[in-house]
Amino acid sequence: DVNMWNKLDAELPTIKQQLAEMADCDPDEIALNRNSSEGLSTAIFGIPLKAGDQVLVSLWDYPSVIAGWKQRQQREGIEVVTVDFDLMDDENVIVEAYAQAITPRTRVIQLTHMLHWTGRVLPVKRICALARARAIVTVVDGAQTFAQMPLSFRELDCDYFITSLHKWLGAPVGNGMLIVRRDR
């Protein structure tokens, strides 16, 4: 207990500052948690939606992410719409698949930055720009990209970015990060 309260808690501002510098965000936009799944659940269940609102996901999103949105669909009557594209599709085809799936009821786009089973990096920045132009919230699962490749929260221009710090940063298991755009 002494180590946790006297040492670890005292280091949190410094840790958040260092992470913010790596992620290109403000330290007060960071919430530390246990892993990507916890951070994603925080975003998924915390975004205000009402019955009939649509959320776009893809077949390639992590299964627990899709399950979270499906749970909200069952409980609250939101509509989860699956955007269809092939992993070998050109980036333009993928962006167009998201553009075609957007309706006036689309409120959130769930995106996976890098697919955990293939390493395919999706054109998240372009899809976030598409969403931002239509006032659609974006949630980016960055479990496989943070600390593995250059990344800027500001440049991605998403609303929520979630990662596990134990993967490519090498932090101990049980360390994750949720970045929430200040106006959210």
Side-chain angles (χ1 to χ4, degrees), residues 23 25 28-87 89 91-118 120-146 153-154 156-164 167 174 176-184:
C25 67
D28 61 350
E29 292 176 304
I30 293 175
L32 298 175
N33 55 32
R34 292 180 291 182
N35 53 44
S36 293
S37 294
E38 183 174 88
L40 284 156
S41 290
T42 300
I44 290 167
F45 292 102
I47 296 171
L49 295 170
K50 62 183 183 312
D53 287 347
Q54 289 181 338
V55 174
L56 302 184
V57 300
S58 82
L59 290 173
W60 312 111
D61 291 321
Y62 200 68
S64 64
V65 171
I66 295 172
W69 288 116
K70 294 282 186 170
Q71 189 176 69
R72 284 198 72 179
Q73 180 173 267
Q74 286 181 323
R75 289 179 177 176
E76 302 169 40
I78 67 168
E79 182 183 4
V80 177
V81 176
T82 302
V83 177
D84 188 28
F85 61 89
D86 187 85
L87 287 182
D89 282 343
E91 285 191 1
N92 294 328
V93 172
I94 294 171
V95 172
E96 185 59 26
Y98 279 92
Q100 292 298 316
I102 293 172
T103 74
R105 295 186 301 125
T106 304
R107 300 290 176 263
V108 179
I109 299 178
Q110 172 69 54
L111 297 162
T112 299
H113 200 184
M114 179 189 287
L115 305 178
H116 73 284
W117 44 56
T118 65
R120 170 76 193 257
V121 177
L122 297 181
V124 168
K125 182 178 177 180
R126 290 178 59 194
I127 299 167
C128 287
L130 178 75
R132 175 114 7 252
R134 292 164 176 80
I136 297 169
V137 174
T138 50
V139 178
V140 176
D141 176 352
Q144 303 302 330
T145 54
F146 186 74
F153 177 70
R154 296 280 175 250
L156 283 179
D157 203 21
C158 59
D159 294 292
Y160 300 86
F161 181 87
I162 299 95
T163 193
S164 288
K167 293 191 179 198
M177 177 171 64
L178 163 64
I179 305 173
V180 181
R181 178 188 292 278
R182 182 179 308 283
D183 62 1
R184 293 275 168 213

Visitor: Compute whether any side-chain donor of one residue and acceptor of the other, for D61 and T112, lie under 3.5 angstrom apart.
Guide: yes
Visitor: Is there a donor-acceptor contact under 3.5 Å from the side chain of R132 to the main chain of D157?
Guide: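 Checked: pair present.
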Visitor: Should the pair K125-E91 be classified as a salt bridge under the 4.0 Å nitrogen-to-oxygen rule?
Guide: no
Visitor: Do you know which two heavy atoms are closest between D159 and V137, and how far apart they sit?
Guide: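 Nearest pair, atom of D159 first, then V137: OD2-CA, 3.2 Å.
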Visitor: Evaluate side chain to side chain contact (heavy atoms under 4.5 Å, CB included) for C128 paired with V140, printing each intermediate quantity in order.
Guide: CA-CA 9 Å; C128 287; V140 176; 4.1 Å; yes
Visitor: For the residue pair F153 and V180, what are the closest heavy atoms and their distance?
Guide: CZ-C, 4.2 Å
Visitor: Ignoring hydrogens, what is the shortest heavy-atom contact between G39 and N33? Give both atom names and the distance.
Guide: CA-ND2, 3.1 Å
Visitor: Within a radius of less than 6.0 Å around OH of Y62, do more than 12 heavy atoms belonging to other residues, nucleotides or ligands occur?
Guide: no
Visitor: Has the side chain of S164 got a donor or acceptor atom that lies under 3.5 Å from a matching backbone atom of G176?
Guide: no
Visitor: Could you list the residues that satisfy salt bridge (charged side-chain N to carboxylate O under 4.0 Å, His left out) with R105, not counting sequence neighbours?
Guide: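 Applying salt bridge (charged side-chain N to carboxylate O under 4.0 Å, His left out) to R105 gives E79.
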Visitor: For G68, is there any backbone N or O sitting under 3.5 Å from a side-chain donor or acceptor partner on R72?
Guide: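 Pair absent, no side-chain N/O of R72 close to backbone of G68.
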Visitor: Yes or no on side chain to side chain contact (heavy atoms under 4.5 Å, CB included) for L40 and D141, after CA distance, side-chain angles and deciding distance?
Guide: CA-CA 7 Å; L40 284 156; D141 176 352; 3.6 Å; yes
Visitor: Keeping E38 on the side-chain end and R34 on the backbone end, is there a donor-acceptor pair under 3.5 Å?
Guide: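 Present.
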Visitor: May I have the step-by-step check of side chain to side chain contact (heavy atoms under 4.5 Å, CB included) for F85 and L122, ending in yes or no?
Guide: CA-CA 11 Å; F85 61 89; L122 297 181; 4.1 Å; yes
Visitor: Would you mind reporting whether H113 and F146 have side-chain heavy atoms less than 4.5 Å apart?
Guide: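 Side-chain contact under 4.5 Å: no.
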Visitor: Just do the side chain to side chain contact (heavy atoms under 4.5 Å, CB included) check on R120 and W60 with the steps written out, would you?
Guide: CA-CA 10 Å; R120 170 76 193 257; W60 312 111; over 6 Å; no
Visitor: Give a yes or no on whether the backbone of V83 and the side-chain of S58 come within a donor-acceptor separation of less than 3.5 Å.
Guide: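 No, S58 side chain to V83 backbone: no donor-acceptor pair under 3.5 Å.
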Visitor: Does G142 offer a backbone N or O that forms a donor-acceptor pair with the side chain of T163 under 3.5 Å?
Guide: yes
Visitor: Please list, chain by chain and in numerical order, all residues satisfying side chain to side chain contact (heavy atoms under 4.5 Å, CB included) with D183, sequence neighbours excluded.
Guide: R181
Visitor: Say you draw a straight line from CD1 of I179 to CG of L156; how long is it, rounded to the nearest 0.5 Å?
Guide: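 Spacing of CD1 (I179) from CG (L156) equals 9.0 Å.
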Visitor: What closest approach, in Å, do V80 and W69 show between heavy atoms, and which atom pair accounts for it?
Guide: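 Looking at all heavy atoms of both residues, the closest pair is CG2-O, 3.5 Å.
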Visitor: If we only count heavy atoms from C-beta on, is the R134 to T106 side-chain gap below 4.5 Å?
Guide: no
Visitor: How long is the gap from CD1 on I78 to NZ on K70, to the nearest 0.5 Å?
Guide: 10.0 Å
Visitor: Output the distance between atom CD1 (I162) and atom CD1 (I44), rounded to the nearest 0.5 Å.
Guide: 7.5 Å
Visitor: Measuring from atom CD1 of I102 to atom CD1 of I136, what distance do you get when rounded to the nearest 0.5 angstrom?
Guide: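 So the gap between those two atoms works out to 4.0 Å.
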Visitor: Closest approach of E76 and L49, non-hydrogen atoms and distance?
Guide: OE1-O, 4.0 Å
Visitor: Atom CG in D28, atom CZ in R182: separation rounded to 0.5 Å?
Guide: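 Reported to 0.5 Å precision, the distance equals 4.0 Å.
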Visitor: Can you check whether V139 reaches I47 side chain to side chain, under 4.5 Å on heavy atoms?
Guide: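 Touching, per the 4.5 Å side-chain cut-off.
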Visitor: Can you tell if the side chain of T145 reaches within under 4.5 Å of the side chain of F161, non-hydrogen atoms only?
Guide: yes
Visitor: Would you indicate whether the side-chain heavy atoms of R126 and N92 approach each other to under 4.5 Å?
Guide: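 Contact flag for N92/R126 side chains = yes.
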Visitor: Enter the distance from Q71:CD to F45:CZ here, rounded to the nearest 0.5 Å.
Guide: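 If I round to the nearest 0.5 Å, the distance is 4.0 Å.
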